[in-house]
Amino acid sequence: MLFNSYVFIFVFLPVVAVCFFLIARISRNTAAMFLAIVSFFFYGWWSPQYVLLLFASILVNFLLAGAIANAPVKPKWSRRRWILFIAISLNLALLAYYKYSNFFFSTVSYLSGSTNDFIAVVMPLGISFFTFTQIAFLVDTYQGKSSEPNFIHYCLFVTYFPHLIAGPILHHSQMMPQFQHAETYKFSSANVSIGLAIFVIGLFKKVVIADSLAPHSNTIFSLAASGQALTFFDAWSGALAYTLQLYFDFSGYSDMAIGISRMFNVTLPLNFNSPYKATSIIEFWRHWHMTLSSFLRDYLYIPLGGGRKGTIYRYMNLMITMLLGGLWHGAGWTFVLWGGVHGLYLVVNHAWRTCVAYCGLEGRPSTVTTRIAGRTITFLAVVFAWILFRSESLDAAVIMFRGMLGFTGVVLQAEWQSKLFLFSDVFNYLGINFGSVMSPESVRALVWMLPILVFCWLAPNTQEIMAGFRPALDFSEARASSFIRWKPSLSWAFGIAILAVLSVLLITRKSEFLYFQF
Amino acid sequence: MTTSFPTFLRVTAVVFGALLTFVASVNYYFDPANLFNDRTYEAGIAQMLLDGRNVANITDYDERLLQKFYVSGLPQAKEVLVLGSSRAMNIGENLFPGKSFFNASVSGASLEDDEAILQMYRERGLLPKKLVLGVDPWIFNRKSGQTRWKSLSEEYKRSQCLSTDCAVSNWDPEYLRWSKFQQLISFSYLRASLKAAREKRRGYYATDALELDVNIRGADGTIRYRTAFVNQTSDEVAAVVQRHVAGKSIYSLDDFRQLDPEYSAQFDALLTRLKQEHIEVLLVLSPYQYDMFKFLTAANSGFEMVVSAERMVRKLASKHGMTVLGSYDPQNVDCGRNDFYDEMHPRPSCIEKMFKNSTF
């Protein structure tokens, strides 16, 4: 079931909320169980046969986590450690089978020149997210940070529908203690108001902004995939459209998840914090898909040794982490390359910081110029990397790069030449020619994207707008926006209602969330 | 001014509900696609056509229902009937002099449409002696996205019950009803409603004009497009084609990976049945515009099935001893760049070239 569907907004969500709070009046445990059951239903709406797989994964992990918790801590390679090793291997094997077997067999076929058909495996929705959530729980249990003796509560932790399909990736210790509070089971008009406002802002970001950008980005990347050469404006419009689409799509989804959960009195962690405002790539990764970044840091980068064994090892660990992070996003070489490029960016960024420190320039206050330069370079680096992420093949990515770098010419539509009259000579002087372009909409799309870009760079994000009401875990009021702050007022009620109506009217352009595929 | 949380929720809900109700009311009142009216709109047009008058300014109506009303008021069978999509809508009675004629083509016709419309004629005992069947490649595309035939789902269902069993796939009246009501809160429907309100384009009227700034449905069922559309130059048409090519989305042909075996078998069965009913059938393949056809048939275009579809139609025609007129390739029928309204609609000049030597 999609958050941006009529059935979710008008039926599932209100019915579940009303039933949950009514049941909670009688029994909290039953209410928690109800929430777990409807979460399975929510998952099964897409494909009922995978509910069993989800349940089996939960059951096995619950049993193994119990075994880990009950096993003795010492010696170093104790039974406890072996169980953890087996449990993580099982999870990774499940992920490998469903997510990577197609990739593996197609690569083997390509390398061996074999033309044998293999049966394509259909990837269950959200498998990357529920697998990572459970791996984090197993490790936390091993480290003594978490334990969950109640199977119903464990089911709820994994399946809780606001985060089940596309995150945020939760730690048990972040979420389940909230279900121990009696207040969680009582209807709170404050939390429903806050949650509703966050949900509507997220819905608007997804349905109105991201879905409006999608057709243009799809057109350009399809042209590249079919081998058509793209001119400068075609390629840039496609690249920027996807850059913005992905951000508004996924951050919109995360806002919706946070908002829905808040209606049930459960606060989720922040997942996006204006990543395109980042002035360095290190900062970008602290603000983009934050729960995944934390996961990769805590459960991959640090166990690999992090930066403890010296600079070279640190860079190597960064590269490994980002390459695997890329692979997590998708079973394809373009994703691995995308991860590799970001790994390289991070290495360069860390090396730069080391140089700055070595030259004694560390700690100098940044100026407006350095901030703008940092933000521009970071943004362009991210845009170029998204090309690899979105392209259907390396060849298609090369076509996009060539277009963006002007190798195929900077061309405006021929019919504009007469409209621009005298200015056409100026354009010619600047090296901009008039001729045939692949997508006549490209320049217009770029003009439309400009205010959205400015909005991304200058406007406060959802959490900064809502900061007065602790919209997400670890988000303090100190980060509140200075010029636009939500509060329960009549004007905000009108504003939220108008955003909600606009979003609902546009829902008929049905589209899935981009991150569902990961 | 800050208020309490319950007041915030109440006001949000009331404003949301009021705005949504307002939008739904506007959509219901103007109803640009005539989804919610009593269908007197289509019935009125059908009556005018039955009276032998050309009708102008018909907007966003259900073409399938128009055919239904037309058949129900038809006093006697036509000698020649044309079925097909808008690509066959310019096959006019001038090509069949001296014969009673009607072009019952509907936009985006799928195989289900052809079956359902024929069923209506069959049930009234008005099947024609000669049938011109416009065959578009997408009728073999399972993913053509054509669902408009569902307006005639009962007729289609009955047409299938006669020949095979009564199990009809792709038929879901609940979905049809639900999707209709979704339009009440649809932004695109609102836009169409506001446009209809602004342009006051609700009324259709009888006309003897050959061309107007609105479309005309001829008494013989053909369409005469509005002046602006007709007067497009071949360069403008080429620009339209270029846009479609750039978008890589071709009407009803997206995701056309294979000739659907079920549809292929069903088409074969339809021809068999028509033969059993002693109807003389002429299969017509309307050409695509030159650049569009070139794009469709280019290597790795993803639309290669168009050629396969033509090949199969010819093979089946040969099997049933039927004549095929035209080709999806404009060069095969000698249609030039000036012979098209857009990427896929041939002008009457092109159609006349196709029928030049026909003795049908």
Side-chain angles (χ1 to χ4, degrees), chain A residues 5-7 10 187-197 200 207-208 215-216 218-223 225-228 230 234 263 413-415 436-442 468-469 486-510, chain B residues 1-24 26-27 175 178-194 233 235-236 238-250 254-255 291 295 298-303:
Chain A
S5 63
Y6 292 129
V7 69
F10 292 118
F187 174 81
S188 155
S189 60
N191 281 336
V192 171
S193 302
I194 296 161
L196 181 71
V200 169
V207 173
V208 179
H216 187 69
N218 291 342
T219 299
I220 297 294
F221 279 92
S222 299
L223 285 169
S226 64
Q228 313 257 19
L230 297 170
D234 288 330
M263 293 181 206
Q413 272 174 275
E415 61 206 60
S436 68
V437 294
M438 286 315 299
S439 170
E441 299 299 319
S442 293
F469 299 88
W486 182 87
K487 60 187 175 192
S489 66
L490 293 180
S491 51
W492 270 106
F494 272 87
I496 291 294
I498 289 167
L499 289 188
V501 168
L502 282 174
S503 307
V504 165
L505 290 181
L506 283 165
I507 277 178
T508 37
R509 303 183 301 183
K510 192 167 275 182
Chain B
M1 191 185 73
T2 305
T3 180
S4 67
F5 285 108
T7 307
F8 171 84
L9 281 178
R10 269 196 292 271
V11 174
T12 307
V14 168
V15 175
F16 176 76
L19 286 174
L20 220 51
T21 308
F22 174 72
V23 169
V26 168
N27 281 343
Y175 170 77
W178 171 233
S179 64
K180 182 171 117 174
F181 283 107
Q182 276 189 356
Q183 296 307 316
L184 282 176
I185 49 172
S186 147
F187 183 74
S188 51
Y189 206 68
L190 177 66
R191 230 162 50 169
S193 293
L194 295 177
T233 63
D235 283 348
E236 285 171 324
V240 170
V241 174
Q242 189 56 41
R243 273 203 292 279
H244 284 285
V245 169
K248 286 270 282 174
S249 180
I250 309 298
D254 294 342
D255 229 354
D291 299 324
F295 168 73
N300 300 321
S301 69
F303 299 102

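Sequence lines set the chain letters: A, B, ... in the order given, protein chains first and strands last, and positions in each chain run from 1.
- Looking at every heavy atom in both residues, Ile185(B) comes nearest to Phe10(A) through CD1-CE1, 4.4 Å.
- Residues Ser489(A) and Thr3(B) share a closest heavy-atom pair of CA-CG2, 3.6 Å.
- By the side chain to side chain donor-acceptor pair (under 3.5 Å) test, Ser4(B) pairs with Thr7(B), sequence neighbours left out.
- In this structure, CG in Leu499(A) is found 11.5 Å from CZ in Phe16(B), a value given to the nearest 0.5 Å.
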**Request:** Go through the steps to decide whether Ile496(A) and Phe8(B) satisfy the test side chain to side chain contact (heavy atoms under 4.5 Å, CB included), and finish with yes or no.
**Result:** CA-CA 10 Å; Ile496(A) 291 294; Phe8(B) 171 84; 4.2 Å; yes
**Request:** Apply side chain to side chain contact (heavy atoms under 4.5 Å, CB included) to Trp492(A) and Thr12(B), showing your working.
**Result:** CA-CA 8 Å; Trp492(A) 270 106; Thr12(B) 307; over 6 Å; no
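- Ile507(A) CD1 to Ser186(B) OG: the interatomic distance, rounded to the nearest 0.5 Å, is 11.0 Å.
- By number of non-hydrogen pairs under 4.5 angstrom with chain A, the leading residue of Val23(B), Leu9(B), Leu20(B) is Leu9(B).
- Heavy-atom distances place both the backbone and the side chain of Ile498(A) under 4.5 Å from chain B.
- A 6.0 Å sphere centred on CZ of Phe494(A) holds no more than 12 heavy atoms belonging to other residues, nucleotides or ligands.
- Applying the ring pair (Phe, Tyr, Trp, His ring centres under 6.0 Å) criterion to Phe22(B), with sequence neighbours excluded, gives no partner residue.
- In terms of heavy-atom pairs under 4.5 Å with chain A, the best-connected choice from Leu190(B), Leu19(B), Val14(B) is Leu19(B).
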